[in-house]
Amino acid sequence: MKRILFLLIIIISCTNSETETEIFPISIEFTEIGKGTLTGSGFENIIKTKTIIKNNEDWNNLVAKMNTIENVSNEFNTDEINFDTHYIVAIILELKGTGWTVEINEMIENSENIIVNTEEVDFSTLAYSQPFHIVLIPKTEKEIIFE
């Protein structure tokens with residue numbers, strides 16, 4: 001009887017672990033906070049960055065820098081962020097001499113990490129631009145990797 005019980009536990013354990021590995025990869029749903037360009041010709045003093053923001057202080061510092069020349073945060077889709085349940089993923093390109101956009105296309109969660117796939121597109125314009133895309137994601141303990 002003990003052998004049967006032991007064998008049953010092993011079978012159940014193997015079945016559960018196979019089910020867990022089959023759920024990955026999965027797409028992470030995210031909410032857009034803001035997308036556009038900084039138009040201060042670099043006076044915002046923001047270097048190229050791909051970052052995860054995990055607290056209000058870092059978020060407020062980034063918004064303040066982004067608003068140095070023009071109040072771009074007026075166009076953001078949210079005012080309050082609950083960092084107990086969510087993180088912010090922010091991508092800001094370097095200052096470009098022609099028009100550019102950047103977009104977070106998808107986020108894929110694997111068993112060990114989350115991959116952020118982005119796309120940068122250039123177009124013809126005479127203005128300097130510094131494109132950005134900022135999204136809200138569910139809080140995670142997994143490493144986030146930008147591609």
Side-chain angles (χ1 to χ4, degrees), residues 8-147:
L8 186 59
I9 290 172
I10 289 176
I11 291 171
I12 291 172
S13 297
C14 290
T15 304
N16 286 341
S17 64
E18 287 176 12
T19 304
E20 288 176 13
T21 57
E22 289 176 13
I23 66 168
F24 291 111
I26 60 173
S27 181
I28 299 291
E29 296 294 322
F30 56 88
T31 304
E32 184 172 277
I33 293 175
K35 181 179 174 185
T37 58
L38 303 175
T39 58
S41 297
F43 289 108
E44 292 91 350
N45 202 23
I46 299 175
I47 60 171
K48 177 180 180 177
T49 187
K50 295 178 178 182
T51 190
I52 310 305
I53 300 172
K54 300 180 179 181
N55 60 62
N56 273 318
E57 182 179 356
D58 291 344
W59 172 238
N60 291 334
N61 287 340
L62 178 62
V63 171
K65 283 180 110 176
M66 292 178 76
N67 288 339
T68 300
I69 303 301
E70 183 181 336
N71 195 349
V72 295
S73 68
N74 278 344
E75 302 297 319
F76 288 174
N77 295 327
T78 186
D79 294 325
E80 297 288 323
I81 310 281
N82 181 350
F83 286 100
D84 291 331
T85 59
H86 288 82
Y87 288 153
I88 292 173
V89 175
I91 298 181
I92 304 172
L93 297 184
E94 69 274 8
L95 184 64
K96 303 281 193 175
T98 60
W100 282 78
T101 62
V102 63
E103 183 167 351
I104 298 170
N105 291 329
E106 66 179 350
M107 292 188 202
I108 303 296
E109 181 177 0
N110 298 301
S111 57
E112 303 88 34
N113 56 38
I114 296 173
I115 306 293
V116 179
N117 292 311
T118 63
E119 180 179 13
E120 299 176 19
V121 177
D122 67 331
F123 56 91
S124 182
T125 183
L126 297 177
Y128 283 98
S129 64
Q130 191 169 9
F132 65 87
H133 195 190
I134 302 171
V135 299
L136 187 67
I137 64 167
K139 187 175 180 177
T140 182
E141 296 300 319
K142 293 185 178 183
E143 178 184 15
I144 298 175
I145 299 171
F146 294 91
E147 288 193 343

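In this chain, numbering begins with 1 at the start of the sequence shown. Excluded from the calculations below are hydrogen atoms, water molecules and symmetry mates; all remaining heavy atoms, backbone and side chain alike, are included.
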Close side-chain approach of [X] and [Y], heavy atoms under 4.5 Å:
| X | Y | result |
| --- | --- | --- |
| Thr31 | His86 | no |
| Lys96 | Asp122 | no |
| Met66 | Ile134 | yes |
| Phe30 | Val89 | no |
| Leu62 | Ile92 | yes |
| Thr37 | Trp100 | no |
| His133 | Thr118 | no |
| Trp59 | Ile33 | yes |

Within a radius of less than 6.0 Å around CD of Glu120, do more than 12 heavy atoms belonging to other residues, nucleotides or ligands occur?
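Counting other residues, nucleotides and ligands, CD of Glu120 exceeds 12 neighbours.
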Report yes or no: does Thr140 contribute a side-chain atom to a donor-acceptor pair with the main-chain N or O of Lys142 at less than 3.5 Å?
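Checking the backbone N and O of Lys142 against the side chain of Thr140, a donor-acceptor pair under 3.5 Å is found.
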Short side-chain donor-acceptor distance under 3.5 Å, Asn110 and Asn113
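On atom types as modelled, these side chains qualify, holding a pair under 3.5 Å.
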Among residues at least two apart in sequence or on other chains, which ones pass side-chain hydrogen bond (donor to acceptor under 3.5 Å, both in side chains) with Asn67?
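side-chain hydrogen bond (donor to acceptor under 3.5 Å, both in side chains) list for Asn67, sorted by chain: Asn71, Ser73.
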Roughly how far apart are Glu147 CD and Ile115 CD1, rounded to 0.5 Å?
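Going from CD on Glu147 over to CD1 on Ile115, the span is 5.0 Å.
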For a quick test of your reading: what N or O donor-acceptor pairs under 3.5 Å do the side chains of residues 38-54 make, sequence neighbours left out?
from	atom 1	to	atom 2	distance (Å)
Thr39	OG1	Glu70	OE1	2.8
Glu44	OE2	Gly40	N	3.0

Would you sort out whether Lys139 and Thr85 count as a side chain to side chain contact (heavy atoms under 4.5 Å, CB included), showing the intermediate values?
CA-CA 5 Å; Lys139 187 175 180 177; Thr85 59; 5.5 Å; no
